[in-house]
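Taking it in order: structure first as structure tokens, then the write-up.
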Amino acid sequence: MLLKVSKSSDVKESQVTDESLYRDRRRFLQASASLTAMSLAPSLSMWPAIGSASIDFNKIGKSDFSIDEETTPYDAVTSYNNFYELGLDKGDPKRNAQHLKVKPWSVKVEGECEKPGEYNLEDFISPGKVEERIYRLRCVEAWSMVIPWVGVELGPILKRFQPTSKAKFVQFKTILDPDNLPGQKRPVLEWPYREGLRIDEAMHPLALLAVGLYGKEMPNQNGAPLRLVMPWKYGFKSIKSIVSIEFTEEQPATSWNITGPREYGFYSNVNPEVDHPRWSQKRERRIGEFLKRETLPFNGYADEVASMYAGMDLKKNF
Ligand SMILES: Nc1nc2c(c(=O)[nH]1)N[C@H]1C(S)=C(S)[C@@H](COP(=O)(O)O)O[C@H]1N2
Ligand SMILES: [Mo]
């Protein structure tokens, strides 16, 4: 079943959302009326239209998952980026940001689930509880940042689509738009950019779908309007500008693994014990600092996530 995508925000939500999701959302809204974070949101119709993901950036809850570390300045977070669709140099994504067209935006949900369909961004995201989460981001290139993301937990969003018992993995894809995205004119990576998670990783409470940072809408260069943030994995797992989510039975292919299988595995957990073939992963440079820091296993999130990999050889499954 493929649901119709509305191009304008004035279509009634019941027309674009499957009925049970609609009811779920009503129930969610009623339930959340008592929650501080959401209580000030009077009705969906008062939320901003497509592109701002139905999120009132004045009413964002705080998360217990936030780390207590100094955040990387906004200017650095938004001008030192990896987003190969917008160019290979760190400054290219900001310079080319206008080439990413984010309005309107929809997300296709497909594969092993009971409720596949194509959803408006706002229908897709609005049942989630919007939070600020301050997470470390550790790039495989051995630098890191601390970023106050704004987003919703991934697991509850995915559950609405009722993954079947065959759904062992989830694949994500970035927008494919070679006419506009300068980086996609050349085959530097397997386009569209794709990434994957095991289903338990996707359902982990730390997995975040981010729609903004520093209390504001997501800048294009950081993956507007919707990106993944997996804080215990190397940054490249945190796929930007997502247009497709597919539940699969088999482990999905990932762009970096296709491009360099010796250098980039499926799991990509931050692991100081597993060097990249061309450089050490033991230490990292926090952007804005001079001296390097020790890299922590699972990027400092071992207490929360290590049990998911119990019994696995993490040198083989890098
Ligand atoms: N679609 C897409 N997603 C992507 C990338 C990319 O090139 N394309 N780069 C990844 C890498 S290598 C990193 S380190 C992070 C960087 O996120 P940031 O620019 O918001 O810090 O995005 C990841 N997500
Ligand atoms: Mo990265």
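Counting starts at 1 for both ligands and their atoms, in listed order.
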TODO: Examine Lys240 against ligand 1 and note whether any of their N/O atoms are separated by less than 3.5 Å.
DONE: yes
TODO: Output every pair passing salt bridge (charged side-chain N to carboxylate O under 4.0 Å, His left out) with a member in residues 82-92, not counting sequence neighbours, ordered by first then second residue.
DONE: Lys90-Glu141, Asp92-Arg95
Open item on the list: Checking Lys292 against Trp143 for the side-chain contact (heavy atoms from CB on, under 4.5 Å) test, could you report, in this order, the C-alpha distance in whole Å, the side-chain angles of both residues, the deciding distance, and whether it holds?
Closed with: CA-CA 9 Å; Lys292 286 195 172 179; Trp143 50 265; over 6 Å; no
Task: Geometric class of the Tyr84/Trp256 ring pair [parallel <30°, tilted 30-60°, perpendicular >60°] - done: perpendicular
Open item on the list: When you compare the side chain of Ile147 with that of Ile134, does any pair of heavy atoms fall below 4.5 Å?
Closed with: no
Open item on the list: Polar contacts were defined as any N/O atom of the residue lying under 3.5 Å from an N/O atom of the ligand; does this apply to Trp143 and ligand 1?
Closed with: no
Open item on the list: Give me the residue, atom name and distance of the protein heavy atom closest to atom 6 (C) of ligand 1.
Closed with: Tyr193 CE1, 3.2 Å
Task: Heavy atoms from other residues, nucleotides or ligands near NZ of Lys166 exceed 12 (cutoff 6.0 Å) - done: no
Open item on the list: Show me which atoms of ligand 1 lie under 4.0 Å from any heavy atom of Glu85.
Closed with: 1 (N), 2 (C), 6 (C), 7 (O), 8 (N)
Task: Taking atom 11 (C) of ligand 1 as the reference point, the nearest protein heavy atom with its distance - done: Phe236 CA, 3.5 Å
Task: Heavy atom of the protein closest to atom 9 (N) of ligand 1 (residue, atom name, distance) - done: Asn82 O, 3.2 Å
Task: side-chain contact (heavy atoms from CB on, under 4.5 Å) partners for Pro231, two or more places apart - done: Tyr135, Leu206, Tyr301
- [ ] Please confirm whether Asn222 comes within less than 3.5 Å of ligand 1 when only nitrogen or oxygen atoms on both sides are compared.
- [x] yes
Open item on the list: With a 6.0 Å cut-off on the ring centroids, do Phe161 and Tyr119 count as close?
Closed with: yes
Task: For Thr174, atoms of ligand 1 separated by under 4.0 Å from a heavy atom - done: 1 (N)
Task: cation_pi(Lys216, Tyr74) dist<6.0 Å, angle<=45 - done: yes
Task: Protein contact of atom 15 (C) of ligand 1 - nearest heavy atom, named by residue and atom, plus distance - done: Gly235 O, 3.6 Å
Task: Close approach of Ser238 to ligand 1, heavy atoms, under 4.0 angstrom - done: yes
Task: Close approach of Arg227 to ligand 1, heavy atoms, under 4.0 angstrom - done: yes
- [ ] Quickly, which of Val243, Leu154, Leu226 forms a side-chain contact (heavy atoms from CB on, under 4.5 Å) with Phe172? Name it, please.
- [x] Leu154
Open item on the list: For ligand 1 and Trp149, I'd like to know whether there is a polar contact (N/O to N/O, distance under 3.5 Å).
Closed with: no
Task: Where ligand 1 meets Cys139 - atom numbers and elements under 4.0 angstrom, heavy-atom basis - done: 14 (S)
Task: Closest protein heavy atom to atom 7 (O) of ligand 1, given as residue, atom name and distance to 0.1 Å - done: Tyr84 N, 2.8 Å
